[in-house]
Amino acid sequence: MNRSYQLFIDGKWVDSVSGETFNSFNPATGEVNDIVAEGRADDIDLAVKAARKAFESGPWHEMSPSDRGRLLNKVAQELWRKADDLAEIESRGNGLPIKETKFIAIPAMIDVLEFYAGLANKVQGETLASPSDRFNFTLKEPLGVIGAIVPWNFPLMLTMWKLAPALAAGNTIVIKPAEQTPVSILEMVKIFQEAGIPDGVINVVPGYGSEAGNALSSHPDVNKIAFTGSTNTGKLIMQAASKNLKPVSLELGGKSPNIIFDDANIENAVNGSMFGIYFGQGQVCASGSRMFVQDSVYDQFMDEFIKKAKNIKVGNPLDQTTQMGPQVSLQQLERIEQYVATGLEEGAHLALGGERCKTNENGYFFTPTIFENVTSDMTIAKEEIFGPVLSVIRFKDEEDALKKANDTVYGLASGVWTENLKRVHRMAKGLKAGTVYVNTFSMLDSVAPFGGTKQSGFGRELGIQAIDMYTETKSVWVNLNDEHFNWYG
Ligand code: NAD
């Protein structure tokens, strides 16, 4: 039976002002999972008002940083208790294999909350080296109302990347989940509510991007937008945010290079590069979707890679043995098919997959796919496909690898496989990306900043630095003289 969900505004579960709802689908079956209230501009406005009120007055406003941290830790403990349920809800909503939600996405998400709960009472200003007759100190203050707009690939984890530092620093928030996956976020917010988060501190308004998302990013009383999603939407959000000049942080798309040198440990490079592209069905912003393999090791590496990729088990995301679930939506499935057709038209060689899985006709399942003979000017080497499609490009030497790897408008992540330490350092400096993985791929941890350069966005989530994205530095001057100087005589 389908479940129904309302909006969460000012600590209450409410229908949308319009009374409209939308369906959220199970990507493994193509059937409707849940019916969700559809938020629009009016609902966003109510949510922003509630968040403003909670920021300016009431228990959250008055709570000490230590108490805020304690409350967030209490929520984290509840999340651990309900982690298996959340993992299942997440997998039902976006098709991630349960092994990936249960052992990676959900634990990583709770770890982020614990990390920032610990930082809540360490957000501090400085005492500066002032002249002896004047004194300057800085206050590190919350921004106010944060708007968080998140995608569907890791809804809970990517929401927490924004929610946890925003709350730890004392802000309040309005979250706009992706229309494909609102339910896990609504379930998570219930846990915050049960743990005692004051009304209005967190508000969740599911709805469509062009309506609810646009209303949030253009709202005059929102102090900052934290966005994860596509580069095109990031550009629209910047424009909308410019109406009241609110700052934005953008975690956008990628076409990350993954470079295998002939002095790499080949077995590790095969295993790590497969995780780099097929984890999350390739719907990972940092996925290593352009793989560069050195000529001298090409045949050996690709034989082993293709042999292994053929055995990936695609199927029901709730089955513990599944290694790749369905793509999130029919629209994504069709988009991937279109890219495969373009790859063939432009002359790439389809070495594996390239089609829907025949065993699961109603779900949005796609086969692990590998294109060889790809060149940097082909569409499949330039554009983000956001699916399990790998483009393999040959290279001669280090200089050639670096030139080809950096030949992209994106700059999110990159990977290097080599046993040569000097080369590691040269490549780490030369690659134009927010993250460089060495002899690994797609690693994440709460302590390590994550974000992009070029058209992959700006701002860094995670790590201590992320607190800076949710605070403002205020400079305070105190005159220590008994009299003020008389400049105008
Ligand atoms: P998307 O940009 O279409 O949607 C993301 C969110 O933005 C959704 O909540 C959507 O409703 C909202 N949105 C859409 N149009 C909007 C508008 N005009 N105004 C305001 N909000 C709007 O992206 P997607 O297809 O859902 O997600 C896939 C993309 O996200 C990929 O490009 C991927 O690389 C990127 N991504 C990046 C990261 C990262 O950390 N860099 C992580 C995950 C996904």
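We use all heavy atoms of the structure for the numbers below, so side chains are in, but hydrogens, waters and symmetry mates are not. As the structure is a computational prediction, the values presented were derived from the model and not from experiment.
Of the candidates Val145, Ile225, Asn223, Lys246 forms a side chain to side chain contact (heavy atoms under 4.5 Å, CB included) with just one, namely Ile225.
A donor-acceptor pair under 3.5 Å is formed between the side chain of Ser16 and the backbone N or O of Gly19. Judged purely by atom type and a 3.5 angstrom limit, Tyr278 uses its side chain to pair as donor or acceptor with the backbone of Thr369. A distance-only check finds a donor-acceptor pair linking the side chain of Thr471 to the backbone of Ile467 [under 3.5 Å].
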Distance-only donor-acceptor hits, side chain of residues 482-489, under 3.5 Å, sequence neighbours excluded:
residue, atom, partner, partner atom, Å
Asn486, OD1, Gly489, N, 3.2

Using distance only, find each side-chain donor-acceptor pair of residues 201-215 under 3.5 Å and give its atom names and separation, not counting sequence neighbours.
residue, atom, partner, partner atom, Å
Asn203, OD1, Asp10, N, 2.9
Asn203, ND2, Ile173, O, 3.1
Asn203, ND2, Gly200, O, 2.9

Side chains of residues 150-160: which donor-acceptor pairs under 3.5 Å do they make with residues two or more places apart or in other chains?
residue, atom, partner, partner atom, Å
Asn153, ND2, Gln283, O, 3.0
Thr159, OG1, Pro155, O, 2.6

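Classification of Lys190 and Glu194 as a salt-bridged pair fails, no side-chain N sitting under 4.0 Å from a carboxylate O. Salt bridge annotation for Asp199-Lys53: absent, with no cationic side-chain nitrogen under 4.0 angstrom from a carboxylate oxygen. A salt bridge links Glu461 with Lys162: the closest approach of a Lys/Arg side-chain nitrogen to an acidic carboxylate oxygen falls below 4.0 angstrom. The pair Glu78-Lys82 meets the salt-bridge criterion, since a charged nitrogen lies less than 4.0 angstrom from a carboxylate oxygen. Using a cut-off of 4.0 Å between Lys/Arg side-chain N and Asp/Glu carboxylate O, Asp67 and Arg70 are scored as salt-bridged.
A donor-acceptor contact under 3.5 angstrom links the side chains of Gln6 and Asp15, judged on distance only.
Applying the side-chain hydrogen bond (donor to acceptor under 3.5 Å, both in side chains) criterion to Glu141, with sequence neighbours excluded, gives Lys474. When the side-chain hydrogen bond (donor to acceptor under 3.5 Å, both in side chains) test is applied to Lys224, the partners found at least two apart in sequence or on another chain are Ser249. Listed by chain and residue number, nothing satisfies the side-chain hydrogen bond (donor to acceptor under 3.5 Å, both in side chains) test with Asp42 (two or more places apart in sequence, or in another chain).
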- Task: Show your reasoning for whether side-chain hydrogen bond (donor to acceptor under 3.5 Å, both in side chains) applies to Asn94 and Thr181.
- Result: CA-CA 6 Å; Asn94 72 353; Thr181 54; over 6 Å; no
- Message: Please determine whether side-chain hydrogen bond (donor to acceptor under 3.5 Å, both in side chains) holds for the pair Lys235 and Gln455, giving the CA-CA distance in whole Å, both sets of side-chain angles, and the decisive distance to 0.1 Å.
- Response: CA-CA 9 Å; Lys235 291 175 185 174; Gln455 291 193 35; 3.1 Å; yes
- Task: Report the C-alpha separation of Glu56 and Arg52 in whole Å, then their side-chain angles, then the decisive distance to 0.1 Å, and conclude whether the salt bridge (Lys or Arg N to Asp or Glu O under 4.0 Å) test is met.
- Result: CA-CA 6 Å; Glu56 304 287 353; Arg52 175 60 57 196; 3.1 Å; yes
- Begin with the C-alpha distance, continue with both residues' side-chain angles, and end with the deciding distance and a verdict on side-chain contact (heavy atoms from CB on, under 4.5 Å) for Asp468 and Lys140. CA-CA 9 Å; Asp468 291 339; Lys140 205 105 166 108; 3.0 Å; yes
- Task: I would like to know whether Asp34 and Ser4 meet side-chain hydrogen bond (donor to acceptor under 3.5 Å, both in side chains); could you show each step before the answer?
- Result: CA-CA 6 Å; Asp34 304 295; Ser4 292; over 6 Å; no
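Ring centroid separation for the pair Phe55 and Trp60 does not come in under the 6.0 Å cut-off. In this structure, Phe450 has its ring center under 6.0 Å from that of Trp161.
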